[in-house]
Amino acid sequence: AFWWAFVTVATVGYGDKYPVTTPGRLVAVLLMAVGIALFTVIIGSMAEWFQKRQPVRPLASDEDPDTSNPVAEIRQLLEQHEKTNQQTIAEIKARLAQLEASLKE
């Protein structure tokens with residue numbers, strides 16, 4: 001029973017031992033749910049611990065403002081995308097005008 005429980009909770013599931021009665025299968029379903037929840041909590045806690053250990057890079061005023069200021073960086077990306085979209089829209093309008101002209105002929 002301990003072997004089966006360990007293999008089940010560890011999500012290995014060798015299949016060499018398994019419950020055959022209905023109450024045993026209900027216990028198995030409960031154990032599987034608890035095992036998945038337990039591993040989720042453990043992995044989440046470990047991820048949080050690792051994340052807290054990452055040093056936060058302070059923003060320095062003498063650095064390039066596009067890389068040290070997230071707002072400026074996002075604004076610059078937005079402007080780049082606006083230019084790209086404006087060019088794309090202009091190309092589409094030009095092609096549409098060509099298509100309309102060719103259909104009128």
Q: Using salt bridge (Lys or Arg N to Asp or Glu O under 4.0 Å) as the criterion, list what pairs up with E48, not counting sequence neighbours.
A: K52

Q: Would you mind listing the cluster partners of W3? Hydrophobic ones only (ILVMFWY), side-chain contacts under 4.5 Å, chaining allowed.
A: V7, V12, Y14

**Q.** Min side-chain heavy-atom separation R25-V29 under 4.5 Å
**A.** no

Q: Using the rule that two of Ile, Leu, Val, Met, Phe, Trp, Tyr join whenever any of their side-chain heavy atoms come within less than 4.5 Å, decide whether L30 and Y18 are in one cluster.
A: no

Q | Gap between atom CZ of R75 and atom CD of E82 - 0.5 Å precision | A | 10.5 Å

Q | Partner of L38 by side chain to side chain contact (heavy atoms under 4.5 Å, CB included), out of I42, V41, T40, I36 | A | I42

(Q) For the CG atom of L103 and the CG atom of L99, what is their distance to the nearest 0.5 Å? (A) 4.5 Å

Q) Roughly how far apart are I89 CD1 and K93 NZ, rounded to 0.5 Å? A) 6.5 Å

Q | Members sharing V9's hydrophobic cluster (side chains within less than 4.5 Å) | A | W4, L31, F39

